[in-house]
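The structure under discussion appears below in the form of structure tokens.
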Amino acid sequence: MSYITGVIERIRNLTKSIKEYEIFLEDCVKPEPGQFVMLWIPRIGEIPLSFADAEDNIIRFIVARVGRVTGYMHERLMAGDKVFIRGPLGRGFRWAPSGRALLVAGGYGLAPLHFLAKKLRAAGCGVKALLGFKSDDDVFYREEFERLGEVEISVEHGSSGYRGTVLDLFRNVIQGEIYDMVYVCGKEELNLAVMRECLIAGLPVEASFERRIRCGAGICGSCSIEPLGLRVCKDGPIFDGRMIMPMLGAERIEG
Amino acid sequence: MSYITGVIERIRNLTKSIKEYEIFLEDCVKPEPGQFVMLWIPRIGEIPLSFADAEDNIIRFIVARVGRVTGYMHERLMAGDKVFIRGPLGRGFRWAPSGRALLVAGGYGLAPLHFLAKKLRAAGCGVKALLGFKSDDDVFYREEFERLGEVEISVEHGSSGYRGTVLDLFRNVIQGEIYDMVYVCGKEELNLAVMRECLIAGLPVEASFERRIRCGAGICGSCSIEPLGLRVCKDGPIFDGRMIMPMLGAERIEG
Amino acid sequence: MSPDLEVELARLRLRNPAILASGILGSSYGLMRRVEEAGAGAITTKTITREPREGYLNPVFVDLEFGYLNAMGLPNPGITAFKMELRRAAENIRIPVIVSIGGRDESEFIEVAEQALDAGCNAIELNLSCPHVGGYGLEIGSDIRLACNIIRSIKSISSRPVFAKISVYQARPDIVSRYIGSGADGVTAINTIRAAAISVESMTPILSNIFGGLSGPCIRPIAVAAVYEIRRELPDVPIIGVGGVDGWRAALELILAGANAVGVGSAIARKDLEIFREIIEGLRGFLASRGFKSIKELVGYAQRL
Amino acid sequence: MSPDLEVELARLRLRNPAILASGILGSSYGLMRRVEEAGAGAITTKTITREPREGYLNPVFVDLEFGYLNAMGLPNPGITAFKMELRRAAENIRIPVIVSIGGRDESEFIEVAEQALDAGCNAIELNLSCPHVGGYGLEIGSDIRLACNIIRSIKSISSRPVFAKISVYQARPDIVSRYIGSGADGVTAINTIRAAAISVESMTPILSNIFGGLSGPCIRPIAVAAVYEIRRELPDVPIIGVGGVDGWRAALELILAGANAVGVGSAIARKDLEIFREIIEGLRGFLASRGFKSIKELVGYAQRL
Ligand SMILES: Cc1cc2nc3c(=O)[nH]c(=O)nc-3n(C[C@H](O)[C@H](O)[C@H](O)COP(=O)(O)OP(=O)(O)OC[C@H]3O[C@@H](n4cnc5c(N)ncnc54)[C@H](O)[C@@H]3O)c2cc1C
Ligand SMILES: Cc1cc2nc3c(=O)[nH]c(=O)nc-3n(C[C@H](O)[C@H](O)[C@H](O)COP(=O)(O)OP(=O)(O)OC[C@H]3O[C@@H](n4cnc5c(N)ncnc54)[C@H](O)[C@@H]3O)c2cc1C
Ligand SMILES: Cc1cc2nc3c(=O)[nH]c(=O)nc-3n(C[C@H](O)[C@H](O)[C@H](O)COP(=O)(O)O)c2cc1C
Ligand SMILES: Cc1cc2nc3c(=O)[nH]c(=O)nc-3n(C[C@H](O)[C@H](O)[C@H](O)COP(=O)(O)O)c2cc1C
Ligand code: FES
Ligand code: FES
């Protein structure tokens with residue numbers, strides 16, 4: 001069968017609605033940052049999750065409580081439980097790492113960017129991460145990113161870091177500092193706004209997109225970004241700003 | 001698909017009812033002496049044939065005209081025609097080559113023994129071949145064997161070599177000379193008679209057996225040597241004398 | 001001159017015989033456009049129903065080594081929303097677009113067909129064979145008389161080609177013959193086969209729906225037999241052979257058996273859209289190497305004596 | 001204590017649930033003996049007919065990567081000759097021997113059954129499902145009433161267990177229910193599925209009979225669905241699950257779906273008789289690691305909520 005069995009080693013509460021799962025896999029996987037898996041919980045469901053980390057047989061997910069499956073995970077899953085993954089799926093971040101990178105993350109968008117930051121750091125790149133949260137209580141993974149480079153956080157309602165959205169923070173930062181590339185992962189509006197700024201500024205940019213994933217194999221069409229016909233599960237989830245460009249012109253984002 | 005495509009390079013008349021086919025295969029095979037293939041001629045049929053020779057992509061069969069398929073081969077097949085093989089199948093001769101070997105062949109039984117002689121010779125073994133034929137006109141492959149070791153031929157009705165059956169010749173030879181092992185391939189009576197002599201003399205002996213081959217995969221049961229339940233296509237076609245021993249006691253050979 | 005891959009299929013002219021099978025990427029204009037660019041000869045859309053359908057919960061897809069199992073649950077936006085995609089396709093896509101239609105009864109089939117025809121589709125395929133959605137597909141196709149009535153009704157509102165997509169259970173010349181007698185212009189054979197997979201590790205079924213449809217190389221021999229048998233008894237029926245086409249050899253196997261064109265489905269999971277070029281170039285190479293001028297010469301070639 | 005693999009199957013007691021499937025090596029006493037030594041829980045013989053049958057000309061077997069295609073043509077020595085093998089088996093073989101019976105009509109079934117029972121077989125399996133021999137198998141099984149009559153007649157001459165071996169086309173709880181109502185003690189599901197393979201190189205069908213039966217891993221999901229569905233509707237029917245058992249995981253998948261025992265068929269081509277030990281040890285290891293005491297606990301386990 002195509003699933004790899006995993007056992008939950010440790011669950012950590014990051015915020016009241018976000019947990020981190022450390023999972024031991026029976027078989028080793030070698031994902032690229034930005035790739036994802038389908039995580040299957042028998043009788044409950046199967047959802048896409050980005051790698052927040054992967055080293056040999058240990059992987060980490062950051063999971064925001066959203067609905068049925070993530071709700072079950074938050075409430076019922078415990079260390080020692082078995083879960084099943086298929087993947088790594090999709091295409092990760094594509095550029096060969098070099099120079100200085102700016103990472104822009106909102107919410108659980110931190111997950112793939114954390115894994116990316118690790119790889120960039122290991123490849124000798126300079127990394128700065130802008131992490132956006134709603135309130136002080138929502139802040140997480142600050143230290144994890146600090147270990148990998150510079151960090152600035154933004155909080156919309158609170159006292160820590162920059163007061164405002166991470167998009168505003170990004171606009172500030174990008175005016176004064178020089179980067180070779182930008183990576184963004186958050187809500188679609190954030191992704192598109194950052195992409196637009198970068199394209200105008202002539203800066204290479206990649207973003208991680210979401211759509212409803214069903215087959216995860218590029219055949220069912222469920223995850224298409226329209227009208228481009230780009231499949232999040234196979235052509236993405238990471239897209240180059242120039243691929244998404246036609247859509248940036250469009251008024252409304254469909255899919 | 002499981003068939004390998006072959007093109008007939010050359011057909012040589014060895015006797016009036018035996019031809020040699022040299023075939024170029026699209027894919028290389030690495031048979032052991034004693035193994036066989038199923039040769040498929042589309043719309044005509046599929047028959048088992050032993051390797052008479054195999055080197056890289058060139059293989060040779062020695063084919064006696066017997067019935068439908070072999071008749072078609074003799075009459076209609078020409079150089080340039082395509083044929084298809086699946087294999088190598090079965091188990092070949094099993095012993096690690098060493099010492100002096102005596103080969104006893106009747107009719108197209110020469111085929112696997114020729115290939116075996118080549119391998120024994122290359123491994124530095126001494127080889128003597130006893131080749132049995134009905135008449136002078138039936139003699140073939142004498143020179144091929146002479147290149148590989150000593151040869152004696154027997155002819156039942158004719159003037160060349162020993163006058164009599166190859167079994168009689170074998171009995172003569174084995175009395176005066178010393179061998180480490182005996183390989184025999186011919187009609188079942190010959191195989192059994194030689195095996196019996198060898199077992200009595202305490203000589204290791206292997207023989208190639210025939211039954212009707214259908215699946216060639218060891219599942220249909222068509223090629224079973226009864227009452228032993230030994231499948232020619234999978235457990236054989238080469239059998240050690242000691243495996244066949246229970247049958248040597250039996251009056252009648254079934255299957 | 002390079003060999004000709006053009007085929008005619010119930011009055012549709014296809015630049016080559018490799019058709020996107022239903023349920024595979026044919027759910028939006030953007031994807032159909034990409035499939036056209038990838039080289040396909042025609043496109044079959046996802047099966048469309050009257051109302052939008054959510055489909056089943058995940059897991060809906062299992063990759064077995066030798067094939068695939070799916071129970072999507074016919075998720076689709078419903079014909080009203082899909083009409084927009086179809087209109088754009090009719091304007092911009094130059095290869096034939098065949099709309100696959102699903103329904104629980106005759107009236108649903110007709111209503112969806114009317115809308116699809118109105119939006120300018122080139123042909124219709126009736127899903128009489130999906131094996132894992134209650135009330136649809138195979139449950140309709142198992143009732144041959146109902147299926148014939150549906151075919152007749154749809155032929156009465158349009159002359160555009162109508163294909164009946166059949167399951168292996170109905171892939172019999174006598175049944176096909178009745179479909180043709182009712183006005184069907186051709187058949188698409190075969191749909192997925194009812195199947196299930198159980199994970200030994202979790203000791204549970206994998207699909208949320210438990211039962212799904214088996215596709216991929218593992219069903220090809222079954223599709224080949226179905227196509228061969230239909231072609232043998234019905235020499236002139238247009239046949240779209242579907243099942244396990246994962247390259248040009250597989251496509252050719254179905255064509256030699258008697259298919260005029262082939263559907264390409266789940267193999268896209270492994271080979272992605274490049275599979276269309278692979279098939280096209282492979283077929284062309286084969287024709288050239290054997291001295292054939294047109295792929296049409298090979299339709300049913302394996303039936304010659 | 002090591003977990004218990006013993007199963008009960010319509011009053012037959014099997015030391016383990018791995019049964020040799022019909023048509024595989026069950027054609028002579030010598031082979032049956034070897035299968036017993038290899039560890040099988042029971043043996044099903046090749047399908048036996050009244051008269052000897054030559055079978056089809058070669059090729060009769062194709063190894064596809066994901067499965068196998070065969071059209072042997074039911075070659076068998078006929079019941080008169082086979083009785084000798086059966087007698088020897090009855091004397092010397094201690095695991096149950098199930099004789100598979102083929103016939104073109106009720107009387108042939110009865111005649112062969114009488115002889116087989118007379119020779120001391122432990123149970124009977126009725127081949128109602130071979131998909132590629134005219135007049136036999138599936139042609140009988142497609143006529144449910146005829147099949148029921150055959151079952152009734154055979155039950156009227158003996159109380160030994162009778163299994164109906166069904167094809168995927170008849171693997172429906174309502175049909176199985178009628179068989180059971182007619183006296184069948186259990187079902188064997190499934191036989192091979194009608195299929196064909198064409199060689200692209202030669203542009204001809206491979207099997208001399210053109211059509212054959214597909215077996216191997218590729219049909220396992222179809223067998224799993226069949227077994228699951230029958231078990232769900234008929235909780236007490238003894239089921240021998242057959243199709244694609246190529247190791248302990250596959251065996252377990254069928255058992256979790258609802259099979260009381262499993263048939264091992266074409267996988268022997270790749271794994272040879274060692275497969276029986278592999279299954280036995282694998283099942284035992286699984287039971288031990290999960291803390292189950294007996295394989296019986298797992299029959300239909302995947303159906304729990
Ligand atoms: C490539 C990819 C990577 C992802 N990585 C992560 C990750 O690392 N961490 C993480 O927490 N989440 C991640 N997600 C999102 C995650 O998959 C969803 O939150 C999850 O599927 C919700 O499942 P559920 O059963 O809990 O919610 P449901 O009960 O299915 O849905 C609850 C609500 O959320 C909405 N919803 C569900 N899925 C999505 C979606 N994909 N986009 C927008 N709205 C949605 C539904 O419409 C519904 O309103 C990722 C998604 C994708 C596509
Ligand atoms: C493992 C093996 C290796 C073989 N190697 C060679 C070889 O290298 N060269 C070679 O010429 N032949 C070889 N044979 C024999 C060869 O396969 C048969 O001669 C051939 O199958 C006959 O096919 P046909 O269609 O021409 O004859 P058919 O028309 O099938 O039969 C003609 C007559 O021969 C009999 N016959 C057919 N096959 C056999 C058989 N296997 N044993 C006894 N009688 C039989 C039939 O009963 C019939 O009476 C081998 C056989 C086996 C089992
Ligand atoms: C994910 C998936 C979804 C499918 N959806 C449909 C569908 O909506 N309508 C339909 O008629 N067939 C559908 N099919 C069946 C395919 O069109 C095709 O008949 C089948 O998959 C066999 O072809 P393949 O082996 O090339 O995949 C679907 C198949 C798959 C794998
Ligand atoms: C070579 C071969 C011969 C078979 N002969 C018979 C037969 O005589 N009677 C029968 O009921 N089934 C026969 N079968 C079907 C098997 O018993 C079994 O149902 C089928 O092969 C599926 O199981 P598998 O995937 O384990 O092979 C045969 C199968 C094969 C491969
Ligand atoms: S989820 Fe099916 S195509 Fe992406
Ligand atoms: S030919 Fe089938 S078992 Fe040997």
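Proteins get letters first, then strands, A, B, ... in listed order; numbering begins at 1 in each. Just so it is clear, the model here is predicted, and its values are computed rather than measured.
Of all residues in residues 278-289 of chain C, those placing a non-hydrogen atom less than 4.5 angstrom from a non-hydrogen atom of chain D are F286(C). Contacts from residues 235-248 of chain D to chain C, taken as heavy-atom pairs separated by less than 4.5 Å, involve W248(D) in sequence order.
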> Which is it for R194(C) and V168(D) under the side chain to side chain contact (heavy atoms under 4.5 Å, CB included) test, yes or no, and what are the steps along the way?
Replying inline: CA-CA 9 Å; R194(C) 193 167 167 85; V168(D) 64; over 6 Å; no
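Contact detail for P217(D) and F66(C): the closest heavy-atom pair is O-CZ, 3.3 Å. For E253(C) against I198(D), the heavy-atom pair with the smallest separation is OE2-N, 2.9 Å. In terms of heavy atoms, A225(C) sits closest to A196(D) at CB-N, 3.6 Å.
Within the 4.5 angstrom heavy-atom criterion, no atom of Q303(C) approaches chain D. For a residue to count as touching a neighbouring chain, one of its non-hydrogen atoms must lie under 4.5 Å from one of that chain's; by this rule L256(D) touches chain C with backbone and side chain alike. Contacts of R290(C) with chain D are made by side-chain atoms alone, with heavy-atom separations under 4.5 Å and no backbone atom involved. Heavy atoms of I255(C) lying under 4.5 Å from chain D are absent altogether. For L254(C), no part lies under 4.5 angstrom from a heavy atom of chain D. Proximity to chain C is limited to the side chain of I210(D), based on heavy atoms less than 4.5 angstrom apart.
Ranked by heavy-atom pairs under 4.5 Å with chain C, the first of V227(D), L214(D), L298(D), I219(D) is L214(D). Chain C forms more heavy-atom pairs under 4.5 Å with one residue of P205(D), S202(D), G212(D) than with any other, namely P205(D). Ranked by heavy-atom pairs under 4.5 Å with chain C, the first of V224(D), L252(D), V200(D) is V200(D). Annotation: maximal heavy-atom pairing with chain C below 4.5 Å, among A195(D), A302(D), P221(D), occurs at P221(D).
To the nearest 0.5 Å, atoms CD1 (I193(C)) and SG (C218(D)) are separated by 9.5 Å. How far CZ of F292(D) is from CE of M203(C): 3.5 Å, rounded to the nearest 0.5 Å.
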